[in-house]
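Following: one structure in structure tokens, then a few remarks.
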Amino acid sequence: MLFKATAQKTIVFPLLLLNNLLWIQAVQYKALDFLLLFAILCSFLVLFLRYEFQIDKDTLTYRTYILWFKVYAKTVKPTDIKKIVFKRLSWKTKLAVVKVENGWNMRIALFNPPNVFKELERFAHEYDVDIQKTSDYKILEKTS
């Protein structure tokens, strides 16, 4: 099953503040023009970030895109997974971290449809992967 998410747009607002501060400094110091251009480019690219997480029969795949270009992809098998940790991200937001043997861990939050956590838990039970749930996550599970 395929799950999709986009970058939180609230990340852009601090970057816009940074751009304004850099613009003021770049007017005074011409050496900061490159830094200002880089900050504007990063702010623009954040608007077009999107993520995909796919649970197949025997693999988990995590992909990151900017526009239509794939910038990161990782596929893991159940034997490569140390454990899956279910946590609370914010007041009502769940988070799952798939801890892998080699490389970066997969961070699963804010994906649609929201049944991603139930599917991930089913996958873990099917392949006998260790699961750890925090007490905060268990409270969120009861309320949803």
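Everything numeric here is computed off the predicted structure, so don't read it as measured data.
- No continuous path of ILVMFWY side-chain contacts below 4.5 Å connects L95 to M106, so the two sit in separate hydrophobic clusters.
- Summarising the geometry of V100 relative to N105, their closest heavy-atom pair is N-OD1, 3.1 Å, with the distance given to 0.1 Å.
- Linking ILVMFWY side-chain heavy atoms closer than 4.5 Å, directly or via other members, places V85 and V129 in two distinct hydrophobic clusters.
- With sequence neighbours excluded, the residues that form a salt bridge (charged side-chain N to carboxylate O under 4.0 Å, His left out) with R122 are E119, E126.
- Contact annotation: the side chain of H125 approaches that of I131 to within less than 4.5 Å [non-hydrogen atoms, C-beta and beyond].
- In terms of the side-chain hydrogen bond (donor to acceptor under 3.5 Å, both in side chains) criterion, residue partners of T75 (sequence neighbours excluded) are, by chain and number, T61.
- Taking every heavy atom of both residues into account, T93 and S90 meet most closely at OG1-OG, 2.8 Å.
- Atom-to-atom distance recorded for K94:NZ and T134:OG1 is 11.0 Å, nearest 0.5 angstrom.
- The side-chain heavy atoms of R63 and L2, taken from C-beta on, include a pair separated by under 4.5 Å.
- The side-chain heavy atoms of V76 and Y62, taken from C-beta on, include no pair separated by under 4.5 Å.
- F86 and L140 are not part of a single hydrophobic cluster, where members link through side-chain heavy atoms under 4.5 Å apart.
- No more than 12 heavy-atom neighbours from other residues, nucleotides or ligands sit within 6.0 angstrom of NZ on K4.
- Among all heavy-atom pairs drawn from A5 and A109, the shortest one is CB-O, 4.4 Å.
- To the nearest 0.5 Å, the span separating OG1 on T143 from CD on E141 amounts to 9.5 Å.
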Please assess I108 against I84 for the test side-chain contact (heavy atoms from CB on, under 4.5 Å), listing each intermediate value before the final yes or no. CA-CA 10 Å; I108 313 302; I84 301 175; over 6 Å; no
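- With values rounded to the nearest 0.5 angstrom, Y51 atom OH is found 9.5 Å from R107 atom CZ.
- Y72 has its ring centre less than 6.0 Å from the ring centre of W104.
- In this structure, Y137 OH and L89 CG are separated by 12.0 Å, a value rounded to the nearest 0.5 Å.
- Annotation: side chain of I139 is not in contact with side chain of R88 (no heavy-atom distance under 4.5 Å).
- If you check the side chains of D130 and Q132, you find no donor sitting under 3.5 Å from an acceptor.
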Go through I81 and F123 one step at a time and tell me if the side-chain contact (heavy atoms from CB on, under 4.5 Å) criterion holds. CA-CA 12 Å; I81 299 173; F123 179 86; 4.1 Å; yes
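- R50 contributes no side-chain N or O that, together with a main-chain N or O of I66, makes up a donor-acceptor pair within less than 3.5 Å.
- Note that CD of E101 and NZ of K77 are 15.0 Å apart. Values are rounded to the nearest 0.5 Å.
- When hydrophobic clusters are built by joining Ile, Leu, Val, Met, Phe, Trp and Tyr residues whose side-chain heavy atoms come closer than 4.5 Å, directly or via intermediates, F117 is not grouped with L110.
- The distance from atom CZ of F3 to atom CD of E52, rounded to the nearest 0.5 Å, is 12.0 Å.
- The closest side-chain heavy-atom distance from L49 to T64 is below 4.5 Å.
- The shortest side-chain heavy-atom distance between T79 and Y127 does not fall under the 4.5 Å cut-off.
- For NZ of K87, the number of neighbouring non-hydrogen atoms (other residues, nucleotides, ligands) closer than 6.0 Å is 12 at most.
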